[in-house]
Amino acid sequence: MTTSLLATLRHALRGAFETAGFDPETVIVETSRRPELGQFQCNSAMQLAKTHRTKPRDIAERLVAALGAVPFITDLAIAGPGFVNFNLTDEFLAVRANDMAGDARLGFPKVEAPAKVVIDYGGPNVAKPMHVGHLRASIIGEALKRIMRFRGHDVVGDVHLGDWGLPIGMLIHELSLRQPGLPYFDAAKTEGFPEESPVTIDDLEEMYPAAVSRCRENDDDMQAARRKTAELQNGRPGYIALWRHFMQTSRASQAGDFDRLGVSFDLWRGESDVADLVQPLVRDLQARGIAEVDQGAILIRFKPAEDDGSEEEGEGDEEELTPLILVTSDGTVTYAATDLATIQDRVARLSPDLSLYVVDSRQGLHFRQVFEAAQRAGLNDGMGMEHIGFGTVNGPDGKPLKTRSGGVPRLGDLLDQANEEAGKRLAEHRLGLEFGEAERADIAHKVGLAAIKFADLNHQRTANYAFDLANFTRFEGKTGPYLLYTVVRLNSVLAKGGGVPADARFTAFSTQVERDLLIRIATLPEVLKRVEERRAPNVLCDFAYDLAQQINAFYHEVPVNQEPDPGRRAHLTLLVDVSARALTLVLELLGIEVPARM
RNA sequence: GCGCCCGUAGCUCAAUUGGAUAGAGCACCGGCCUUCUAAGCCGGUGGUUGCAGGUUCAAGCCCUGCCGGGCGCGCCA
């Protein structure tokens, strides 16, 4: 079992703390905020000063005295009120570096207690083309999945299709008006429906908005759609057959979109998969007095829980949530009920420790209600449930992104634009002119996607952000393309230098950039830990960018392939190799693919 | 009315959940290509962190009250 560099340091400091008579639990060690003062800093003295009622400076002196005994720590110094700064010896750094180079995971440890985690993301709806709204859910969910998996957790990605609610009823109704002669609408017919779908994906995408506006404008149509939804949910054969066609048709299109996005799922489950669980669940909830009938609907009320003595987390914040409707007065099952059934189903099938829902922040209330309800009914069986909300993607006007005609931009169109923009930039810079047509197209695709993904992930998850394609596809600055460029350039150095010699070893570090670069890479485990804890991919984006900048600084300062001494050249080549592997790994964790050349 | 999110450089965004001098990128100014991809590197200008109090060795971050913006709040998902 490997340990991270910082964990090793922490361990060493613990020992020193003990000999100095301080609580080893108070060890704080991190890479320096002020690199010119040292590689690492320990800020424990300020904390300890409180409990020991002494000056932080005195504590710092005692710490330094004890730390002096640690063989691989050097250049100990106290600064400011009691910050302790220090460096690692080059010998120690070389040993660590060689370990990293020789390991497929670059020496990055896995968590000691892996959890079983389901990540629910993507969430496309039947018949609705995927749009900008699905972009963040897909990109963020995919990144979290990869990061947690790399950390060693057992992660299952579930697309969780929206394939069972009123929208389907509206579609059925719409089609029944357009083509009433179809066999699906014959209530007497129970089997032998056509194999071939009566609609194409284009039909569906055209029909859906038409159906919605029809139902919105005319109450009779809405009633009819509700009725048909309830009938579908009660198993009317013709509607079931029709629904299967809708589902298969749109699923093929969704799979295509996800494929282009580089997003994949372990499970393609949906609301309809738990349809059979809903009725028994609702009955059970009613029987147990958790759900009740009110004005014809079945719902769960969240009265302020009368104190049973167990819960005493701030009495004032037990505020009243609005009721959660499970079944509407006309018998339609809502997505709240489906979500509860899904929790039950997940626990039964996978018994996860944690379920993450990567869904738009605007659904925050819904999830609070659902989680609370699941908790009360004991459906989650100890499984943690967490809504990973995210902000909207806005246009230049600060409002949710719209097309010129005012509609919601399609995901496919957005990707096309990014692709085109990336292609234009490549041409402007006269890059890849000697490559074939197909490779140029592939590069443009990867660059465009990297641009969009990095820009999305780089923003704080909970905040809204402005979608500015020209900005994202820029090749300068903190962008996806810059990161790709950095990796590709390193790989080019390796190729030109004939690769890493078999006997290459880190021997001695001679420039500051070399040390800084390696130390930076070695801190990735702590970064990933923070990313996971905060569910914040933007923290990893920050790391990726800092790393790329350090790589480029190194690139300029140290011309690897011109180094005359073979030993040093091997050492440098190895550093290039480790750097390229590290940055490639980080990009991979973000869901960003690197072209072989560009 | 209640609840959630946001307010940081001209613009777009960070800030290791309370640590040192609030950082990047665009934009602007000045350097660096006969040398591994200049999509790069090095340096510079730019700030009362929305406002006012409070908590402490230390506040962009925590507490209180305002101001401004976004979103949500029983039969849509």
| Across the strands shown, which category fits A/Val539 at heavy-atom distances under 4.0 angstrom: base, sugar-phosphate, nothing? | nothing
| query | Do A/Phe371 and A/Tyr357 have ring centroids that are under 6.0 Å from one another? | reply | yes
| request: With RNA chain B as reference, determine whether A/Thr479 or A/Phe472 sits nearer its 5' end, using the nearest nucleotide of each. | output: A/Phe472
| task | Measure the distance from CG on A/Leu324 to P on B/rG72 and round it to the nearest whole Å. | result | 18 Å
| task | Taking atom C1' in both B/rG18 and B/rC62, compute the distance separating them and give it to the nearest angstrom. | result | 8 Å
| field | RNA chain B: 5'-proximal contact among A/Gly432 and A/Tyr555 (nearest heavy atom) | value | A/Tyr555
| In whole angstrom, what separates A/Lys478's NZ from B/rC13's P? | 13 Å
| task | Determine which nucleotide pairs with B/rU21, using a 3.5 Å limit on both distances of a Watson-Crick or G-U wobble pair. | result | none
| query | For atom P, what is the distance between B/rC73 and B/rG50, given to the nearest Å? | reply | 29 Å
| query | Which nucleotide, B/rA38, B/rA20, B/rC42, lies nearest any side-chain atom of A/Tyr485? | reply | B/rA38
| task | State the pairing partner of B/rC41; accept Watson-Crick or G-U wobble contacts with both distances under 3.5 Å, and report none otherwise. | result | B/rG31
| task | Answer yes or no: side-chain N or O of A/Asn85 and base N or O of B/rA20 forming a donor-acceptor pair under 3.5 Å. | result | yes
| request: Assign A/Asn471 to base, sugar-phosphate, or nothing according to its heavy-atom contacts below 4.0 angstrom with the strands shown. | output: nothing
| message | If you only use heavy atoms from C-beta on, which nucleotide in B/rC41, B/rC13, B/rG19 is closest to the side chain of A/Gln47? | response | B/rG19
| Nearest to the side chain of A/Asn561, which nucleotide is it out of B/rA24, B/rC36, B/rC26? | B/rC36
| message | Let's see if you can work this out: which of B/rG72, B/rG74, B/rC36 has an atom nearest to the side-chain heavy atoms of A/Leu365? | response | B/rG72
| For A/Leu37, which contact category applies under a 4.0 Å heavy-atom criterion: base, sugar-phosphate, or nothing? | base
| Whole-Å distance separating the CZ atom of A/Arg530 from the P atom of B/rU17 | 7 Å
| From B/rG25, B/rU35, B/rG19, pick the nucleotide closest to the side chain of A/Gln562? | B/rU35
| said: Syn or anti for B/rU34? Use the chi torsion, O4'-C1'-N9-C4 for purines and O4'-C1'-N1-C2 for pyrimidines, with syn inside 90° of 0. | reply: anti
| message | Need one value for A/Val333: base, sugar-phosphate or nothing, where a base atom within 4.0 Å counts as base even if backbone is also close, heavy atoms only. | response | sugar-phosphate
| task | Take atom C1' in B/rC66 and the same atom in B/rC41, then report the distance between them in whole Å. | result | 48 Å
| A/Glu557 and A/Thr511 side chains, donor-acceptor separation under 3.5 Å | no
| request: Would you indicate, yes or no, if B/rU37 has its OP1 or OP2 atom less than 4.0 angstrom from a side-chain nitrogen or oxygen of A/Ser492? | output: yes
| request: Starting from P on B/rC75, measure out to CZ on A/Arg301 and report it in whole angstrom. | output: 13 Å
| said: With no hydrogens and no angle check, just 3.5 Å: does a side-chain donor-acceptor pair link A/Tyr335 and A/His366? | reply: yes
| message | Rounding to an integer number of Å, can you tell me how far A/Gln369 CD sits from B/rG3 C1'? | response | 12 Å
| message | Using the side-chain heavy atoms of A/Gln363, tell me which of these nucleotides is nearest: B/rC36, B/rG74, B/rA77. | response | B/rA77
| request: Respond yes when some side-chain nitrogen or oxygen of A/Thr462 is under 4.0 Å from OP1 or OP2 of B/rC6, and no when none is. | output: yes
| Would you say the side-chain atoms of A/Glu514 and A/His571 include a donor-acceptor pair closer than 3.5 Å? | yes
| query | Less than 6.0 Å separating the ring centroids of A/Phe454 and A/Tyr482? | reply | no
| request: Describe the nucleic acid contact of A/Glu271 in one word from base, sugar-phosphate, nothing, applying a heavy-atom distance below 4.0 Å. | output: sugar-phosphate
| message | Side chain of A/Met46 only, heavy atoms from C-beta on: which candidate in B/rC36, B/rG25, B/rG19 is closest? | response | B/rG19
| task | For A/His459 and B/rG25, give me the distance from atom NE2 to atom P, rounded to whole Å. | result | 15 Å
| said: For B/rA20, does the base pair up with any side-chain atom of A/Gln41 as donor and acceptor (N or O, under 3.5 Å, distance only)? | reply: yes
| message | Between A/Asp456 and A/Tyr465, do the side chains contain a donor N or O and an acceptor N or O under 3.5 Å apart? | response | yes
| Does the side chain of A/Asn538 get closer than 4.0 angstrom to OP1 or OP2 of B/rA15 through an N or O atom? | yes
| task | Under 4.0 Å between any heavy atoms, over every strand shown, what does A/Leu426 touch: base, sugar-phosphate, or nothing? Just pick one. | result | base
| field | Watson-Crick or G-U counterpart of B/rA77, or none if no pair lies under 3.5 Å | value | none
| said: Please confirm whether the shortest side-chain N or O distance from A/Arg461 to OP1 or OP2 of B/rC6 is below 4.0 Å. | reply: no
| request: Tell me whether B/rC57 sits syn or anti, counting syn as a glycosidic angle within 90° of 0. | output: anti
| Looking across every strand, which nucleic acid part, if any, lies under 4.0 Å from A/Pro323 by heavy atom: base, sugar-phosphate, or nothing? | base
| Say you pick atom P in B/rA14 and the same atom in B/rC57; how far apart are they, in whole Å? | 32 Å
| task | Have a look at A/Arg534 and say if it touches a base, only the backbone sugar-phosphate, or nothing, with a 4.0 Å heavy-atom cut-off. | result | base
| message | Under 4.0 Å, counting only non-hydrogen atoms across every strand here, what does A/Thr334 touch: a base, just sugar-phosphate, or nothing? | response | sugar-phosphate
| note | Side-chain atoms of A/Ala466 come closest, of B/rU17, B/rU12, B/rA39, to B/rU12
| said: For a quick check, tell me whether the side chain of A/Glu557 and the base of B/rC41 share a donor-acceptor pair closer than 3.5 Å. | reply: no
| query | Could you give the NE2-to-P distance, from A/His556 to B/rC32, as a whole number of Å? | reply | 15 Å
| request: Let me know the distance between OH of A/Tyr545 and C1' of B/rA15, rounded to the nearest Å. | output: 15 Å
| message | For the CD atom on A/Glu526, are there more than 12 heavy atoms of other groups (residues, nucleotides or ligands in this structure) within a distance under 6.0 Å? | response | yes
| query | At under 4.0 Å between heavy atoms, what does A/Ala495 touch on the DNA or RNA strands: base, sugar-phosphate, or nothing? | reply | nothing
| said: I'd like to know if A/Ser329 reaches the base of B/rC75 with its side chain such that a donor and an acceptor end up less than 3.5 angstrom apart. | reply: yes
| message | Quiz question: by atom type and distance under 3.5 Å, do the side chains of A/Glu292 and A/Gln286 form a donor-acceptor pair? | response | no
| request: Could you check whether A/Tyr482 gets within reach of a base, just the sugar-phosphate, or nothing at all, counting any heavy atom under 4.0 Å? | output: sugar-phosphate
| Is there a donor-acceptor contact under 3.5 Å linking the side chains of A/Asp221 and A/His173? | yes
| query | OP1 or OP2 of B/rA77 less than 4.0 angstrom from a side-chain nitrogen or oxygen of A/Arg362, does that happen here? | reply | no
| message | If we count only N and O atoms by modelled type, under 3.5 Å, do the side chains of A/Arg489 and A/Asn552 hold a donor and an acceptor together? | response | yes
| request: May I ask you to say what A/Ala297 touches in the nucleic acid, namely base, sugar-phosphate or nothing, with a heavy-atom cut-off under 4.0 Å? | output: base
| request: Measure from the side-chain heavy atoms of A/Glu476 and tell me the nearest of B/rG40, B/rC41, B/rC75. | output: B/rG40
| Minimum-distance nucleotide to A/Glu36 side chain [options: B/rA77, B/rU12, B/rU21] | B/rU21
| field | B/rG53 - base-pair partner by Watson-Crick or wobble geometry, distances under 3.5 Å | value | B/rC63
| task | Tell me the partner of B/rG72, counting only Watson-Crick (N1-N3 plus N6-O4 or O6-N4) or G-U wobble (N1-O2 and O6-N3) with both under 3.5 Å; none if nothing fits. | result | B/rC2
| B/rA20 and B/rG54, which share atom name C1', separated by this distance in whole Å | 24 Å
